[in-house]
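Okay, so here's the structure we're looking at.
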2 protein chains.
Amino acid sequence: MNVSFTAHIKCSECPIRHRAVCARCDDDELQTLEAIKIYRSFEAGSPILWRGDELKYVASVVNGVATLGKTMEDGRTQMVGLLLPSDFIGRPGRNEIEFDVVAATDVTLCCFERRPFERLIETTPHIAQRLMEIALDELDAARDWMLLLGRKTAREKIATFIEMLVRRQNIQGLDGASPDLALPLTREEVANYLGLTLETVSRQLTSLKNDGVLTFTDRRHFEVKDIAALQEATGDDADGGVIF
Amino acid sequence: MNVSFTAHIKCSECPIRHRAVCARCDDDELQTLEAIKIYRSFEAGSPILWRGDELKYVASVVNGVATLGKTMEDGRTQMVGLLLPSDFIGRPGRNEIEFDVVAATDVTLCCFERRPFERLIETTPHIAQRLMEIALDELDAARDWMLLLGRKTAREKIATFIEMLVRRQNIQGLDGASPDLALPLTREEVANYLGLTLETVSRQLTSLKNDGVLTFTDRRHFEVKDIAALQEATGDDADGGVIF
DNA sequence: AGGACACTTTGATACAGATCAACCTCGATG
DNA sequence: CATCGAGGTTGATCTGTATCAAAGTGTCCT
């Protein structure tokens with residue numbers, strides 16, 4: 001089965017408590033959220049929402065990785081976002097979703113029915129404020145990605161992508177030296193994210209490997225051997241844009 | 001002189017009153033805004049904010065067109081947004097701006113000092129709610145643009161851009177048949193927006209002209225002769241994504 | 001264990017759009 | 001009103017990445 005419901009976890013013990021849409025809520029407000037939330041899990045590869053679907057729920061990613069994409073009539077596709085834990089799915093104030101959301105790995109979501117959630121936005125400023133912050137952060141990220149898509153070379157795209165994975169996975173806990181990182185996407189999905197073909201992705205990864213920047217432990221796991229060289233290859237200036 | 005201050009206009013008579021960040025505010029709330037706002041004008045071509053500048057003000061575009069762009073070390077640039085009247089500039093909760101903002105035409109802004117504005121966000125839910133809506137709308141637009149940058153051909157990019165101009169300028173007032181539209185950007189700026197070179201932009205515009213889709217009345221003004229063909233050329237499906 | 005299938009790599013070739021270069025257009029300026 | 005310069009067009013050529021094609025790798029299933 002692709003979708004399943006999952007045991008209720010208390011908000012206060014939730015791993016994304018301090019980064020998700022609920023981050024600013026106090027205990028009372030959490031109680032209210034607690035009452036309308038429900039966990040759902042999706043298997044790797046299964047669709048979560050399809051473009052044009054009615055948007056019954058909005059949700060936070062609790063764990064796993066989902067992709068947000070658009071498809072053209074003739075089948076060309078472009079990924080427009082990578083949803084990692086604490087990222088938000090859905091659009092209060094809109095009935096349909098405009099994107100395809102797919103589970104890239106096994107994913108657990110914390111879902112809220114949209115209507116009650118919209119009412120909460122009206123009555124709970126902490127939620128609107130946090131959602132505003134999240135939206136503004138994603139907007140910045142989307143704009144960085146526009147620079148990547150519009151102007152970067154294939155090698156720069158790959159390097160930027162890897163560098164982003166390093167940064168975001170380091171934040172998720174285990175800091176320090178960054179050995180053995182997970183690549184949560186196939187070559188084809190990476191290509192969709194970067195506006196390339198899967199062959200080009202493969203060639204550029206091989207090239208980074210040959211240049212001693214990366215090593216692969218298996219297809220889905222790699223180590224960065226030379227972070228400075230990786231940074232250099234992104235084309236960004238030293239402390240490139242993203243304030244962390 | 002490049003920058004000038006402009007006579008105060010009452011919010012209640014402001015042309016963007018119902019679309020800008022103040023859209024949801026009631027009369028009392030407008031009073032508060034009125035007290036901290038100030039109009040500033042910029043000549044076509046002059047910079048409004050430079051990447052890394054301290055973000056003293058946030059602002060709404062009252063009239064004119066500004067561009068939002070990123071520049072790489074080696075000079076490659078990508079425009080990441082086109083700011084038309086009612087669009088919002090700045091990021092509450094951040095000290096520096098990450099982008100270059102430039103006046104493409106003469107521009108008037110309605111500026112609020114950032115600190116007092118941030119306090120207003122805390123105390124005036126209508127502003128946080130509206131800013132959330134604006135951010136989410138821009139996020140959708142940014143994601144549409146990611147599809148364009150990552151996957152569309154040069155012709156599709158140009159057609160999509162023109163179609164967006166038609167749509168947005170029709171909303172700004174004079175509806176009906178859409179004769180004589182303004183092209184607020186140079187070929188080079190269009191190229192920066194679409195991830196192309198100026199030569200390619202020029203060739204594609206010529207090609208659309210030869211195909212009877214457009215005619216130019218002068219370099220900065222054109223008419224769409226065949227909207228259906230334009231739509232077709234965008235590569236989007238009939239009612240492509242953007243609602244209304 | 002063997003086969004099938006999904007994913008990946010590698011190679012050969014094609015092409016859209018970049019780059020380099022020359023010329024055109026037109027409004028501003030002395 | 002001649003000149004100048006920014007912006008625009010058009011042409012020739014080059015190149016990075018797509019496309020087409022084939023073969024390699026690992027994992028799941030029977």
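Within every chain, numbering begins at 1; the chains are lettered A, B, ... in the order of the sequence lines, protein sequences first and strands thereafter. Since the model is a prediction, treat every value here as computed from it, not as a measurement. No hydrogens, no waters, no symmetry mates; every other heavy atom, side chains included, goes into these values.
- Residue B:Leu205 contributes atom CG, which lies 16 Å from atom P of D:dG7 at whole-angstrom precision.
- Counting atom types as modelled, A:Arg203 pairs a side-chain N or O with a base atom of C:dG11 as donor and acceptor under 3.5 Å.
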Every protein N/O lying under 3.5 Å from an N/O of nucleotides 22-26 of chain D:
{"from": "D:dT25", "atom 1": "O2", "to": "A:Arg219", "atom 2": "NH2", "distance (Å)": "3.4"}
{"from": "D:dG26", "atom 1": "O4'", "to": "A:Arg219", "atom 2": "NH2", "distance (Å)": "3.0"}

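- Relative to the axis of its first five pairs, the axis of the last five pairs of the helix from C:dA1-D:dT30 to C:dG30-D:dC1 sits at 40°, rounded to 10 degrees.
- Less than 4.0 Å separates DNA chain C from at least one heavy atom of each of the following residues of residues 187-200 of chain A: A:Arg187, A:Leu198, A:Glu199.
- We find that CZ of B:Arg220 is positioned 9 Å from P of D:dG7, with the value rounded to whole Å.
- Across the protein-nucleic acid pair, B:Gln78 atom CD and C:dA18 atom P stand 11 Å apart, rounded to whole Å.
- Identified under the salt bridge (Lys or Arg N to Asp or Glu O under 4.0 Å) test for residues 196-210 of chain B, with sequence neighbours left out: none.
- Each salt bridge (Lys or Arg N to Asp or Glu O under 4.0 Å) pair with one or both residues in residues 77-91 of chain B, not counting sequence neighbours, appears once here: A:Asp137-B:Arg91, A:Asp140-B:Arg91, B:Asp87-B:Arg168.
- Note: B:Trp145 and B:Tyr193 have parallel aromatic rings, judged against thresholds of 30 and 60 degrees for the angle between ring planes.
- With 3.5 Å as the limit, one finds no donor-acceptor pair spanning the side chains of B:Thr71 and B:Thr77.
- Rounded to an integer number of Å, the gap from NZ of A:Lys152 to P of D:dG16 is 18 Å.
- Partner B:Asp236 forms a side-chain contact (heavy atoms from CB on, under 4.5 Å) with one of B:Glu156, B:Lys152, B:Gln231 and no other, that one being B:Lys152.
- A:Leu82 places a side-chain heavy atom less than 4.5 Å from the side chain of A:Met164.
- Residues B:Phe161 and B:Gln204 form no side-chain contact, since every pair of their non-hydrogen atoms from C-beta on lies 4.5 Å or further apart.
- Nearest to the side-chain atoms of A:Ser202 among the listed nucleotides D:dT9, D:dT17, C:dT8 stands C:dT8.
- Rounded to whole angstrom, the span from the NZ atom of A:Lys157 across to the P atom of D:dG16 amounts to 14 Å.
- Taking the ring-ring contact (aromatic ring centres under 6.0 Å, His included) definition, one finds that A:Tyr57 meets it with nothing, sequence neighbours left out.
- Atom-to-atom, NE2 of A:His221 to P of C:dC7 comes out at 16 Å; the value is rounded to the nearest Å.
- Summary of the strand contacts: B:Ala154 and A:Thr186 both lie near DNA chain C, and taking for each the nucleotide with the nearest heavy atom, the more 5' one is attributed to A:Thr186.
- Side chains of A:Ser207 and A:Arg155: a donor on one and an acceptor on the other come within 3.5 Å.
- Atom CG of B:Leu214 is separated from atom P of D:dT9 by 12 Å (rounded to the nearest Å).
- When side chains are defined from C-beta on, A:Val62 does not count as touching A:Leu109, because their heavy atoms never get closer than 4.5 Å.
- Regarding B:Leu149, its CG atom lies at a distance of 15 Å from the P atom of D:dT17, rounded to whole Å.
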Exercise for the section: Give the intermediate values and the outcome of salt bridge (Lys or Arg N to Asp or Glu O under 4.0 Å) for residues A:Glu138 and B:Arg143. Expected result: CA-CA 10 Å; A:Glu138 284 201 53; B:Arg143 284 169 168 164; 2.6 Å; yes
